[in-house]
Amino acid sequence: MGARTRGSSCRVCPVERGVLPVGRGVGIPDRRGSGVIDPRRLRQEIGSIAERLRRKGVELDVTRFEALEARRKRLQDEVERLRNQRRVASKRIGEAKAAGDDIAPLVAAVGHLGDDLGEAAKQFEAVRAELDEFVTGLPNPPHDSVPPGLDEASNVELRRWQEPSDFNFEPRDHVSLASTSLDLEAAAKIAGSRFSVLRGALARLQRGLTQFMIDTHVQEHGYEEVYVPYLVDRHTLLGTGQLPKFEDDLFAIDGERDQFLIPTAEVPVTNLIRDSILEYAELPLRFVAHTPCFRSEAGNYGKDTHGIFRQHQFEKVELVQIVHPDRSWDALEELTTHAETILRKLELPYRAVALCAGDLGFAAAKTIDLEVWLPAERRYREISSCSNFLDFQARRMLARYRNPETGRPDYVHTLNGSGLAVGRTLIAVLENYQDGNGVVHVPDALRGYLGGSSRLDL
RNA sequence: GGAGGGGUGGCUGAGCGGACGAAAGCACUGGUCUUGAAAACCAGCGAAGGGCGACCUUCCCAGGGUUCGAAUCCCUGCCCCUCCGCCA
């Protein structure tokens, strides 16, 4: 069994099968509900949705959509009419048979219906598949509060906590500080570039950081710790939005199994509620999970090649919330605060940034990044990304709760955020806690996790 | 890996070619009764899509087939359970 990046050839699979590989109980449960954006709203407010998607740098082909919709409507009407005819006719045959009458003429009269229906149904399926592909490929439009702009230069700083470390010496970077505890040559030998081997105190620091984060979120923020699979199937990735568009960013399992290494715990954890109707009283659900994350980083060759900032495999503690739709904006603030708490306890200078529309991920309606100060780079770098997806993922996953007012199921809202990216926190601790003599001290909050020691023996 | 048994509505679970979107129970909602609650009794109560609507269509794991007609019969796949084997 090996992992490889799967090429674009696999993208045709859904098309070859005629429809996306979905069905009730597996992934996107029903093709007609597989939208991203509420299909009814898409039809009625196509203009304003196109406008909002344009802020994300995406051009919605309104003409094509409307043409497809018109065909869909006509064919669906046709198919349903024929089916109804068949149902009525078949029922009559049954009654005649029960009454002991001759059914032969009735059966003969219905003969052509099957062919007509088959042909119409085939055309309808084709249009529906095309519409489905069109719609699942559309990203979530940005929320009105998202700043305009097409790239990270337009992101807006919301707040800073503590001023950047003011060293009276030339700060060293994490690779230099880690010394022989970080063995990139060994990693390259056994796995290739963009992997790392941590030894001794450094490995323990990473483990300590992880435990510290999970404990804080469980004990102080009320999250439930969960352990989840690191391999997931295609439906799961469709649910959170990594597929069908971003297959190249994932590591796929080579062989008979159609599985992928998770790019983030968001994927398996959010999908825990796929295909379910939660009770109102169960909300909100708050999960924290620590997993390794695997990213092929296609398209990022040559970026951040020094050290362990950008790796094919890294550790992350992830926060996921499933909330009532009225609560998701408050929840985004809370979740972001939960992630910030880790940085504050570790006394790492950081800032919070609202991503502009063009910098948002595919599924996010709004994202707040936390960026930690890295002294050697003399700049803030992303260490957490907290997003509200509204009902975008919930629609794909068919994740609902029972609305007590109407008694009917409504979509939940989903959110997630890193709390935090452990590998990058490791870098931040090394660089911010160096003392000029090449010694790295241990943040107070972490000492209990490192046998009480006050400095790292790197 | 071998041998069996299964996948039906929020849950448990019957049905096994036509009158079945599907019995029954639980849960839930409304009502009667009660000072109140419980119990009892009566009634309601799956989901998705389409239509301005009356209403129509689809869904009994998934995909394909047989049939005028499939939850029900046949094929394939996936998943679950039990026993045996192996194993951290």
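We name chains A, B, ... by the order of the sequence lines, and we start the count at 1 in each one.
Between B:G6 and B:C16, the distance separating the two C1' atoms is 15 Å to the nearest Å. Across B:A3 and B:A88, the matching C1' atoms stand 25 Å from one another, rounded to whole Å. Between B:A22 and B:U72, the distance separating the two C1' atoms is 12 Å to the nearest Å. If you take atom P in B:A27 and the same atom in B:C84, they sit 38 Å apart, rounded to whole Å. B:A38 and B:G17: their C1' atoms are spaced 47 Å apart (whole Å). Nucleotides B:C87 and B:A48 have their P atoms positioned 49 Å apart, rounded to a whole Å. Going from the C1' atom of B:U29 to that of B:G77 covers 41 Å, rounded to whole Å. If you take atom P in B:A37 and the same atom in B:G18, they sit 47 Å apart, rounded to whole Å.
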(message) The test is side chain to side chain donor-acceptor pair (under 3.5 Å); show your working for A:T291 and A:K316 and say whether it passes.
(response) CA-CA 6 Å; A:T291 70; A:K316 186 154 59 70; over 6 Å; no
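In this structure, A:D410 atom CG and B:A47 atom C1' are separated by 13 Å, rounded to whole Å. As rounded to whole Å, 15 Å separates atom C1' of B:U58 from atom CG of A:D77. Atom-to-atom, CG of A:L278 to P of B:C11 comes out at 12 Å; the value is rounded to the nearest Å. Rounded to a whole Å, the CD atom of A:E125 is 13 Å from the C1' atom of B:U57. Between A:I277 atom CD1 and B:C28 atom P there is a gap of 16 Å when expressed in whole angstrom units. Put simply, NE2 on A:H235 is 16 Å from P on B:G77, counting in whole angstrom units. Look at CD on A:E282: it is 13 Å from C1' on B:A27, rounded to the nearest Å. Note: CZ (A:R408) to P (B:G46) measures 8 Å, nearest angstrom.
Considering only heavy atoms from C-beta on, A:L458 comes within 4.5 Å of A:L430 through its side chain. Residues A:Q206 and A:E315 are in side-chain contact: their nearest non-hydrogen atoms beyond the backbone lie under 4.5 Å apart. Within the 4.5 Å cutoff, the side chain of A:V218 has no heavy atoms near those of the A:E224 side chain.
Contacts between residues 64-74 of chain A and RNA chain B, counted as heavy-atom distances below 4.0 Å, involve A:R72, A:K73. RNA chain B is contacted by A:R43 of residues 43-50 of chain A, taking any non-hydrogen atom closer than 4.0 Å.
For an aromatic pair to be called close, the ring centres must be under 6.0 Å apart, and A:F392 with A:H413 fails this. A:F65 has its ring centre less than 6.0 Å from the ring centre of A:F134. Ring pair A:F260/A:F251: centre-to-centre distance not below 6.0 Å.
Nucleotide B:A62 has B:U76 as its partner under the Watson-Crick or G-U criteria, with both atom distances under 3.5 Å. Taking a pair to require two hydrogen-bonding distances under 3.5 Å in either a Watson-Crick or a G-U wobble arrangement, B:G53 remains unpaired. Across all strands shown, the partner of B:G4 is B:C81, judged by Watson-Crick or G-U wobble contacts whose two distances both fall under 3.5 Å. With a 3.5 Å ceiling on both atom-pair distances, B:A19 lacks any Watson-Crick or G-U wobble partner. Summarising the base pairing, B:G10 is matched to B:C26 through a Watson-Crick or G-U wobble pair whose two defining distances lie under 3.5 Å. Under the Watson-Crick or G-U wobble criterion, with both distances below 3.5 Å, B:A40 is paired with B:U32.
If you find the closest nucleotide of RNA chain B to A:R87 and to A:E279, the one lying nearer the 5' end belongs to A:E279. Both A:A98 and A:R83 lie near RNA chain B, and the one whose nearest nucleotide falls closer to the 5' end is A:A98.
Between A:S328 and A:N388, the side chains place a donor N or O and an acceptor N or O closer than 3.5 Å (distance only, hydrogens not considered). Residues A:S385 and A:D369 have side chains that bring a donor and an acceptor to within less than 3.5 angstrom of each other. The closest side-chain donor-acceptor pair between A:Y280 and A:H324, if any, does not fall under 3.5 angstrom. Looking only at atom types and distance, the side chain of A:S196 has a donor-acceptor partner in the side chain of A:Q311 under 3.5 Å away.
The residue A:R92 sits apart from the nucleic acid: no heavy atom pair falls under 4.0 Å. Here A:R81 lies out of heavy-atom contact (under 4.0 Å) with every strand.
A:R447 CZ: more than 12 foreign heavy atoms inside a 6.0 Å radius.
The side chain of A:R400 contributes an N or O atom lying less than 4.0 Å from OP1 or OP2 of B:A48. Contact annotation: A:R402 reaches the phosphate of B:A47 (side-chain N/O to OP1 or OP2, under 4.0 Å).
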Look for any protein N or O under 3.5 Å of an N or O in nucleotides 66-69 of chain B and output each such pair with its distance, or none.
{"from": "B:C68", "atom 1": "O2'", "to": "A:S90", "atom 2": "OG", "distance (Å)": "3.4"}
{"from": "B:G69", "atom 1": "O4'", "to": "A:S90", "atom 2": "OG", "distance (Å)": "3.1"}

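Checking side-chain atoms of A:S90 against main-chain N and O of A:R87 turns up no donor-acceptor pair under 3.5 Å. Side chain of A:D258 to backbone of A:D233: no donor-acceptor contact under 3.5 angstrom is found.
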